[in-house]
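What follows is a short report on a single structure.
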Amino acid sequence: MYQRKTAIKNDCSIEKALNVVSGKWKPAILSELLKTNLRLKDIQIGLPEASKRALTQQLKEMIKDGLIEKEDFNQFPKKTEYTITSLGSQLSTVFAALSKFGDNL
C-alpha cells in the first residue's frame, strides 16, 4: 500500500480531500460507484488496463477512508459488492464540477 512521505496538513481541507480521492484508478472507480453498486469483476471490465491487484488495493484504501463499503453475500458462488457511502456520495457534486471543468479544456 502506498505510504505518503510527508504528513497531511490537518489545517488544509483541500489536501485532506485530495488525499482520499487521488490514486490512479480511484476517480474512475468512484465515478462508476456514484451511479450503481459494482462487483470487482464489473470494475475490471470497465478498467481492463488496471490489474486486479491495483484495483483491490485502491478499493481497500477507499473502504478505510470511508468512501465505499464492501458487502459480502452469503451465497455460492461468493458474491461481493461495493457501494458508495453517504460520505462518498458527497463527491457527486465535486465530480460533476470536475467533469464540467474537464469538458472545457
Side-chain angles (χ1 to χ4, degrees):
M1 188 176 291
Y2 172 77
Q3 296 292 321
R4 284 181 59 96
K5 293 178 178 67
T6 58
I8 297 172
K9 297 176 190 147
N10 285 328
D11 61 340
C12 183
S13 299
I14 294 172
E15 186 175 353
K16 289 191 296 187
L18 287 174
N19 182 61
V20 297
V21 297
S22 64
K24 188 166 186 175
W25 306 111
K26 285 181 186 180
I29 295 168
L30 287 167
S31 179
E32 290 306 309
L33 284 173
L34 284 165
K35 298 174 194 168
T36 187
N37 299 343
L38 295 171
R39 297 175 68 178
L40 179 58
K41 71 177 186 176
D42 300 324
I43 297 169
Q44 288 178 292
I45 291 168
L47 297 168
E49 59 278 0
S51 71
K52 182 177 180 180
R53 182 178 181 268
L55 292 174
T56 303
Q57 180 177 336
Q58 300 262 290
L59 288 164
K60 284 180 184 177
E61 290 175 13
M62 289 186 286
I63 291 168
K64 184 178 92 36
D65 291 330
L67 300 177
I68 65 172
E69 293 175 328
K70 177 181 174 182
E71 183 177 357
D72 293 316
F73 294 88
N74 190 16
Q75 67 181 52
F76 184 82
K78 184 180 176 184
K79 180 181 176 186
T80 301
E81 203 170 70
Y82 295 92
T83 59
I84 201 89
T85 63
S86 59
L87 177 65
S89 67
Q90 293 176 32
L91 290 167
S92 63
T93 55
V94 174
F95 276 45
L98 285 171
S99 180
K100 186 175 179 180
F101 176 78
D103 289 343
N104 291 323
L105 295 177

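- Distance check: Leu33 CG to Leu38 CG gives 5.0 Å after rounding to the nearest 0.5 Å.
- Rounding to the nearest 0.5 angstrom, the gap separating the CD atom in Gln58 from the CD1 atom in Ile29 is 5.5 Å.
- Side chain of Ser31 to backbone of Ala28: no donor-acceptor contact under 3.5 angstrom is found.
- In this structure, Phe73 is not a member of the same hydrophobic cluster as Leu40, with clusters built from ILVMFWY side-chain heavy atoms closer than 4.5 Å.
- Taking 4.5 Å as the limit, every side-chain heavy atom of Leu59 sits out of range of all side-chain heavy atoms of Lys70.
- Under the 4.0 Å criterion applied to side-chain N and carboxylate O atoms, Glu32 and Lys35 are assigned as salt-bridge partners.
- When side chains are defined from C-beta on, Val94 does not count as touching Val21, because their heavy atoms never get closer than 4.5 Å.
- Between the OH atom in Tyr82 and the CD atom in Glu69 there is a gap of 12.5 Å [rounded to 0.5 Å].
- Across all their heavy atoms, Leu47 and Leu55 have their closest contact at CD1-CD2, 3.9 Å.
- No side-chain heavy atom of Gln57 sits less than 4.5 Å from a side-chain heavy atom of Lys60.
- In this structure, CD1 on Ile43 lies 11.5 Å from NZ on Lys52, to the nearest 0.5 angstrom.
- Residue-environment remark: CD1 (Ile14) stays at or below the threshold of 12 foreign heavy atoms within 6.0 Å.
- Screening Ile63, Thr83, Leu87 against Ile68 for a side-chain contact (heavy atoms from CB on, under 4.5 Å) leaves a single residue, Ile63.
- Residues satisfying the side chain to side chain donor-acceptor pair (under 3.5 Å) criterion with Thr80, sequence neighbours excluded, are Asp72.
- The line from NZ of Lys100 to CG of Leu98 is 12.5 Å long, rounded to the nearest 0.5 Å.
- Nearest heavy atom pair, residue Asn19 against residue Lys26, reads O-NZ, 4.3 Å.
- Atom CD1 of Ile84 and atom CG of Leu91 lie 6.5 Å apart (nearest 0.5 Å).
- Side-chain contact between Lys79 and Glu81 is present, with at least one heavy-atom pair separated by less than 4.5 Å.
- Surrounding CG of Asn74 are at most 12 heavy atoms belonging to other residues, nucleotides or ligands under 6.0 Å away.
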